[in-house]
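No hydrogens, no waters, no symmetry mates; every other heavy atom, side chains included, goes into these values.
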Amino acid sequence: MSRFLKSRQTMWARAVILFIGVVFHYNQALAVDTYMAEFMIESNATFNVSGALSAIKQITTPNITMTIGLLELTAECKIVGNASTCNCSSAYIWSNDVCGNFHCCNDSYCNANISHYPALCIPKVKVRFNGTVQVKLTINETDTIKKQLTDGFKQLHGFGCLNVSGPRDDGQIIDFKVDLSVIFLTDTLAKIISDLEPTVGKIAVETSGLVSIQYPMDTVKFFSKPMLNCRFEEKTNGSWNWNLLKGNKTFDLNTGSSITVSFPNETSPNCTTVQIIKLSGNWAGIYKCGFSKGSIVHTASAELKVALLPDKITMTIDPLTVECQDAAPPVTVTATIDNSTEQYTVTWSYQNNLPPPPAQDKNQACPEENNVWPKTPKGVTVTIRKCEVNRVGYKERTCKGPEWMSVLDNCVNEELNKVVNAAANFKEGLGATLQVAIQIFSDLKKSMVADSAADLSASINVLDIMSRASETITLDNSILDTFLDAASNMLNNSWKAANKALEYDMSSKYLLSVEGLVNNIKMNTSDGNDTPNIQLKLCNVQNSTSCNDIVFGVEVKLALSSGIVKTVGVKNLADKLNNSNFPGYNFPDIVVSVTLQSSNDSKIDIQLDFPINQSMAQDSNILCVFWNTTLNEWSEEGCKWKKRVNNRSYCECTHLTSFSVLMSKIPVTLLFQDEITYVGLGVSICSLLIFLIIEALVWSAVVKSNLSHFRHTALVNISLCLLLADCSFLAACFSSIKTSTWCLILTVTKQFFFLAMFCWMLCLSIMLLHQLIFIFHPLRKSVYLLLSTILGYICPTVIVSATYVYYKYTGKPYHNTETCWLTYEGLLKGSIHAFLLPVGTIVLLNLFSMAVVIMTLLKSTVSDGSKADEKEAAKSIMKVMVFLTPVFGVTWALGFFVLLTDIKAPMGVVMRYAFTIINSFQGLFILLTGCFAEKRVRDEVLKLFLAGVSSALFFPAFVFFPFNYRAVKCG
């Protein structure tokens, strides 16, 4: 008896310790007033155990009193000396510890000394797993496979039975089911499977009963936020997933805009949860949670019933419009919702008791059109919910009165509409996996129809949805190719929106969506992605302190200490964005977006090197801008233009986003520069006409020798070419004449006549140089005229023709359609060099000739050495420089300095004014130096002038005294 009391006291102590632990656990986890306890009673009178247990109604401790609700006998042990024999009650089975340590798994009695175990037997549970075996076999071998599987899985504790079905899929798949009554360990099942696979084939298993799921049993109501919990008590490594079964479709679940999915962590290692935060009809169905380890998946499922209002109500009226008269026809209004078993209460109201609309002026109504759009009052929008075959959506049109506005077509390709719905589900968290995202972008590229504004808008909407989804759903490098291909494909089509406002909205949304996706996609390494309209470059700053990337010719430099730089170049988009806040500016084809991933740098300095459109003039104003996502327009804030080198523009910005450069369509001009040019050209043209008239009048009197003939021939041709070139230049300034054909003609004539002018200047220079060096070997007139004609007209013809043919053949632009002049693309690039190189060579040769003349004058005065002679020599040199500079084209050397200096720099301003003044008045300088500076020409002009004055005075006398005149003459 004393032994019995001692044992009983020991067990009571053990029961109290277990009891307290259970109380603490439930207070922390459930905070409810229900407790559980487990007792073990040792007795030699087991026949009276039930009676002894039934007497225990309450347990009282110093802190709490508990009421016993249910007591149940689990095991009985018969102990005789040191030997014991135990057995489990009918609803219980040996625990895994007893089974594993004492090998009593399938025995009714266990003769081992196990009475000291706290839990000999555990409740039987229903555990089942379904599996497949992938093996090539014949039907006759099915029984063999079944026996092998039975022998293998019989090792599991609580094995009940195994059923096999199949084979299927041409004998490659066998299905089987195993029923158990004990929860087993995943590693135990994995060991059995690994032992079976070498003989039977690849095995995959899905279990039920090991994972428990908690969910709302009743139908959840609108505005509620239901939660589902899954728990797997075994502590082992693996992965969790949630699925939603809707009909014959299965969707993977992930955290999105409508649900939150939490997976096990340190604080909750065995539990995963789904909470729906935006309940809709999408979330009704069978939820399935699963724990996976290798080829083993432990699952649990439950159906969530949702009672909701309709997600979508479609209203139609017939007829579409009516005239509100005394005898107005009846109007039928139909409301359509998706098929549902829910019972709804529907109420109707008209205008919410608003006063009736004012009477409409019938003259302002829009007429019926094409039997499609009915007669409609002014200000009313008509919606037609019918589309062409294989398209869904609606069309609407507003009566502006009395004219219709353009039709707003929102009928979308049926397949594309499915992609939109799939993207919307993805964003909510329904089917939110990488594979689904890749499929969405792949289908997006396939289903877009060219030249459809509705399809384009829907496609951009898909990008926008996926961009916002990527903020919560993780996407990686594997999605880049399909995403960029689909996005690039959209820019191949012409964007024909119903109005500019819609086009601006679509282009802005497109840019933000592409930038958002690139920013949110997790990337580690990438060699870059190239598509026709989008280029992506990746730079990891872990091994360096800066990044240099080039996209579509735009070089991006960024200095930072850590992170991944993502640089995206987008073509064919800048012209579609809203540029209204920068009127008079052109955009290049490239928009560059730069984003950072995993960077700790707080200060960002980025340098961008943009290629400039070759058609832009050298003096065009340049602005560095970024796309302001708040205002949906370009802004200069935080960006500044640094310099222009060759045909590239350098910008610096202090933030990251989408960048571009703006160039003014009209070159930046200095104050009064255009006025000076026009006045100078007018004066030059008049001066050259006067010069040519004077040359025609005094030619026979002045040209007496070969030398004078050579000189005046060159001057006449120089003046004639400059006159025609100035006229072409002036004509190109009129916008009305700037058609494509006339612009090309004027470019050709300007290049030809300016080159011919310089070539004749070279002829004059060569003639002068020959006379100084070869004094006793004068040129023959025929030789000079032949060589001058070849150099003066044939050479320019060859240069112009070759330039035009080359650029025509290569497809490069020969001329700038804005300025009607040759193009400049950079150093030794562009048709302008077919003009600059010959002109530069001629100017250098003419400077050499001038230097020879000056040296000759200096040499003649060195031997005398008197101050008077030195002064005379200085005067002679000054005269040579003044007289020869206009006809040698030396002033055009200033043009090279104009190309090399910045218009905003002081020296650049001086050079541009000097070049404009001197060269626009070049015709006047030729008149002064080539005509009036020569004494014989001056004398002959004066003689002609006096003769003309005398004739003018004599003419009246002849009129009044004709007979006297004749008499005197005869006499």
Using a strict threshold of under 4.0 Å (side-chain N to carboxylate O), is an ion pair present between [Y] and [X]?
X      : Y      : result
Lys395 : Glu388 : yes
Asp218 : Lys305 : no
Glu415 : Lys418 : yes
Glu503 : Lys500 : yes

Can you confirm if the NZ or CZ of Lys246 lies within 45° of the ring axis of Phe251 and under 6.0 Å from the centre of its six-membered ring?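 No, cation not above the ring by the 6.0 Å, 45° rule.
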Please step through disulfide bond (SG atoms under 2.5 Å apart) for the pair Cys651 and Cys624, ending with a clear verdict. CA-CA 6 Å; Cys651 300; Cys624 296; 1.8 Å; yes
Distance-minimising heavy-atom pair for Ala486 and Phe441: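 In this case the closest contact between Ala486 and Phe441 is CB-O, 3.6 Å.
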What heavy-atom pair brings Asp455 and Leu416 nearest, and what distance separates the two atoms?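 Looks like O-CD2, 3.4 Å.
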With rounding to the nearest 0.5 Å, note down the distance linking [atom1] in [X] to [atom2] in [Y].
X      : Y      : atom1 : atom2 : value
Leu430 : Ser257 : CG    : OG    : 10.5 Å
Cys733 : Asp674 : SG    : CG    : 8.0 Å
Phe626 : Ser635 : CZ    : OG    : 4.0 Å

Carefully, step by step, assess Ser467 and Ser513 under the rule side chain to side chain donor-acceptor pair (under 3.5 Å). CA-CA 5 Å; Ser467 175; Ser513 301; 5.1 Å; no
Are Arg397 and Glu369 packed together at the side-chain level, in the sense that at least one heavy-atom pair is separated by less than 4.5 angstrom?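 Side-chain contact under 4.5 Å: yes.
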Have a look at Leu244 and tell me which of Asn282, Leu253, Ile286 forms a side chain to side chain contact (heavy atoms under 4.5 Å, CB included) with it.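 That would be Leu253; it is the only one of Asn282, Leu253, Ile286 passing the side chain to side chain contact (heavy atoms under 4.5 Å, CB included) with Leu244.
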Is a donor on one side and an acceptor on the other found under 3.5 Å between the side chain of Thr747 and the backbone of His815?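 Not at all, since once roles are kept as given, no pair shorter than 3.5 Å links the two residues.
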